[in-house]
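What follows is one structure encoded as structure tokens, with my remarks underneath.
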Amino acid sequence: MSSRITRLLVGLVLYGFGCALTVAAGLGVDPWTVFAQGLSRVTGVGIGWITNIVGLGVLLLWIPLRQKPGVGTIANILLVGTSLQLALGVLPHPDVFWLQALMLVGGVVLVAVASGLYIGARFGPGPRDGLMTGLHGRFGWPIWACRLTVEGSVLVLGWLLGGTVGVGTVVFALGIGPLVHLAMPLFATRGPEAPSRRAPQPVR
């Protein structure tokens with residue numbers, strides 16, 4: 001149990017740090033971070049704190065979908081955005097492309113490793129993952145359609161609010177699934193209840 005808790009906590013903190021790397025790179029971020037970035041620019045509240053607030057708001061949408069949060073769900077809301085916010089305070093924001101690209105790739109890889117850790121700990125999905133599975137369970141929509149609808153909506157809205165959409169958004173979308181697929185077997189909980197090697201794509 002203590003090993004699983006450690007993996008959960010380390011994974012969520014690293015996830016936030018990985019997201020901070022992609023934000024600091026300035027080449028574009030994943031859809032939910034685009035949304036948080038847009039809200040941050042409109043409200044003046046830090047992007048990490050906005051990430052936590054959005055996570056809480058998404059969790060409230062679980063109620064009509066009859067989803068039940070786990071320990072990992074609550075920890076996700078508290079830690080990912082906090083780690084993101086603190087990391088942005090110390091990370092450089094380069095304007096040289098090769099440094100930006102290096103930070104972007106490093107961030108995506110770190111998010112994948114972090115996902116392997118916290119998903120493999122099996123303490124429940126993040127609030128955004130639960131929203132996808134809740135829509136699937138409530139309305140029978142395919143998971144891909146739920147993901148496309150929700151992430152497409154937050155991406156467009158975030159972009160309209162001033163969030164950064166760019167090559168990094170594409171790199172994240174294309175790279176995160178295969179990288180998590182590689183990371184999951186490395187960090188999956190061993191034993192008869194270990195999850196399948198076929199990993200879900202994380203959205204926090």
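- Put simply, the side chain of T33 does not reach to within 4.5 Å of the side chain of F172, judged on heavy atoms.
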Report the C-alpha separation of L91 and L21 in whole Å, then their side-chain angles, then the decisive distance to 0.1 Å, and conclude whether the side chain to side chain contact (heavy atoms under 4.5 Å, CB included) test is met. CA-CA 8 Å; L91 285 172; L21 283 171; 3.9 Å; yes

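- Connection of V42 to L157 is established within a shared hydrophobic cluster, with ILVMFWY side chains joined at heavy-atom distances below 4.5 Å, either directly or through further cluster members.
- Here the side chains of R7 and I119 are not in contact, with every heavy-atom distance at 4.5 Å or above.
- Under a 3.5 Å cut-off, the side chain of R4 and the backbone N or O of A121 do form a donor-acceptor pair.
- The heavy-atom pair separating G46 from S40 by the smallest distance is C-OG, 3.7 Å.
- One hydrophobic cluster holds both W32 and W49 under the rule that ILVMFWY side chains link at heavy-atom gaps under 4.5 Å.
- Remark: T51 OG1 to I77 CD1 distance equals 11.5 Å, nearest 0.5 Å.
- A ring pair (Phe, Tyr, Trp, His ring centres under 6.0 Å) check over residues 140-160, counting only residues at least two apart or in different chains, returns the pairs F139-W141.
- Using a 4.5 Å cut-off between side-chain heavy atoms of Ile, Leu, Val, Met, Phe, Trp and Tyr, V90 forms no hydrophobic cluster with any other residue.
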Pairs of donor and acceptor atoms involving the side chains of residues 60-71, under 3.5 Å and at least two apart or interchain, shall be tabulated with distances.
{"residue": "W62", "atom": "NE1", "partner": "P127", "partner atom": "O", "Å": "2.9"}
{"residue": "Q67", "atom": "NE2", "partner": "G130", "partner atom": "O", "Å": "3.2"}
{"residue": "Q67", "atom": "NE2", "partner": "T133", "partner atom": "OG1", "Å": "3.1"}

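- In the hydrophobic cluster analysis, where Ile, Leu, Val, Met, Phe, Trp and Tyr join through side-chain heavy atoms closer than 4.5 angstrom, Y15 is grouped apart from V13.
- Defined by atom type and a distance below 3.5 Å, a donor-acceptor pair is missing between the side-chain atoms of D30 and T22.
- With hydrophobic clusters built from ILVMFWY side chains whose heavy atoms lie under 4.5 angstrom apart, I53 does not share a cluster with L84.
- At distances below 3.5 Å, at least one donor-acceptor pair connects side-chain atoms of T149 with backbone N or O atoms of A145.
- Evaluation of the ring pair (Phe, Tyr, Trp, His ring centres under 6.0 Å) test over residues 76-99, restricted to residues two or more places apart or in two chains, returns none.
- The shortest distance between side-chain heavy atoms of R128 and V54 falls below 4.5 Å.
- Note on I50 and L86: separate hydrophobic clusters, where clusters join Ile, Leu, Val, Met, Phe, Trp and Tyr whose side-chain heavy atoms are under 4.5 Å apart, directly or indirectly.
- Between T6 atom OG1 and L117 atom CG the span is 10.5 Å, to the nearest 0.5 Å.
- Using a 4.5 Å heavy-atom cutoff, the side chains of L56 and N52 are not in contact.
- Distance CG/N76 to CG/L79: 8.0 Å, rounded to 0.5 Å.
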Donor-acceptor contacts under 3.5 Å from residues 160-169 side chains, at least two apart:
{"residue": "T164", "atom": "OG1", "partner": "Q37", "partner atom": "OE1", "Å": "3.1"}
{"residue": "T169", "atom": "OG1", "partner": "V29", "partner atom": "N", "Å": "3.4"}
{"residue": "T169", "atom": "OG1", "partner": "V29", "partner atom": "O", "Å": "2.9"}
{"residue": "T169", "atom": "OG1", "partner": "G166", "partner atom": "N", "Å": "3.1"}
{"residue": "T169", "atom": "OG1", "partner": "G166", "partner atom": "O", "Å": "3.4"}

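- The backbone N or O of G126 lies less than 3.5 Å from no partner atom in the side chain of T73, so there is not a single donor-acceptor pair.
- Looking only at side-chain heavy atoms (C-beta outward), F123 and I5 come within less than 4.5 Å of each other.
- By the side-chain hydrogen bond (donor to acceptor under 3.5 Å, both in side chains) test, S83 pairs with no residue at all, sequence neighbours left out.
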